[in-house]
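All residue numbers refer to positions in the sequence shown, counting from 1.
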Amino acid sequence: NEPIENYAEKDFFAAIGARLLYGLLLSGGVNYNHNEDNGADIFGNATLILNETHTFHSEYIMGANDEDKNRFNIGYKLQPGSMGIQFDLKNIFSENIGRQLQIFYRESF
């Protein structure tokens, strides 16, 4: 039941990331729209990769002009080969927690 307004296009996007340790990646950035109603969204992500098979990730999105856009998401991905599965919990500090399950196949050629 996500309002389509939460996916409005942005005028400016910037992101930066770094690998700090063996499997720890941190990134963050900003989406900006000159329209006062949409304003800026600031986000930060952390990903921990263990043995190239297990991935834990978290994401925080702060809607600067709209408190309803603030979100904290966490997830886990298991990919021992080409097949994998990912489970995410979306907006976990709200009254309406979302869940997402992905089953996928990824192969390089």
Residues at least two apart in sequence or cross-chain that pass side chain to side chain contact (heavy atoms under 4.5 Å, CB included) with L50, listed by chain then number, are L48, H54, F56

Could you grab the distance from atom CD1 of I61 to atom CZ of F43, nearest 0.5 Å is fine?
8.5 Å

Test item: H57 and D88 side chains (from C-beta on) under 4.5 Å apart, heavy atoms:
yes

Which side-chain N or O atoms in residues 101-109 pair as donor and acceptor under 3.5 Å with protein atoms at least two apart or in another chain?
from	atom 1	to	atom 2	distance (Å)
E107	OE1	S82	OG	2.2

Nearest atoms (heavy-atom pairs only) where I97 meets R99:
O-NH1, 3.4 Å

Enter the distance from Q86:CD to Q100:CD here, rounded to the nearest 0.5 Å.
7.0 Å

Say whether L21 and I16 are linked into one hydrophobic cluster, either directly or through other cluster members, by side-chain heavy-atom distances under 4.5 angstrom.
no

I would like to know whether F12 and V30 meet side chain to side chain contact (heavy atoms under 4.5 Å, CB included); could you show each step before the answer?
CA-CA 8 Å; F12 174 77; V30 63; 4.1 Å; yes

All pairs passing side chain to side chain donor-acceptor pair (under 3.5 Å) where residues 19-28 contributes a residue, at least two apart
S27-N45

What's in the same ILVMFWY side-chain cluster as L25, cut-off under 4.5 Å, chained through other members?
I49

How would you list, by chain and number, every residue that makes a side-chain hydrogen bond (donor to acceptor under 3.5 Å, both in side chains) with S94, sequence neighbours excluded?
N91

Those residues at least two apart in sequence (or on a different chain) that pass side chain to side chain contact (heavy atoms under 4.5 Å, CB included) with Y60 are M62, N70, F72

Do you know which two heavy atoms are closest between S58 and I74, and how far apart they sit?
CB-CG2, 4.0 Å

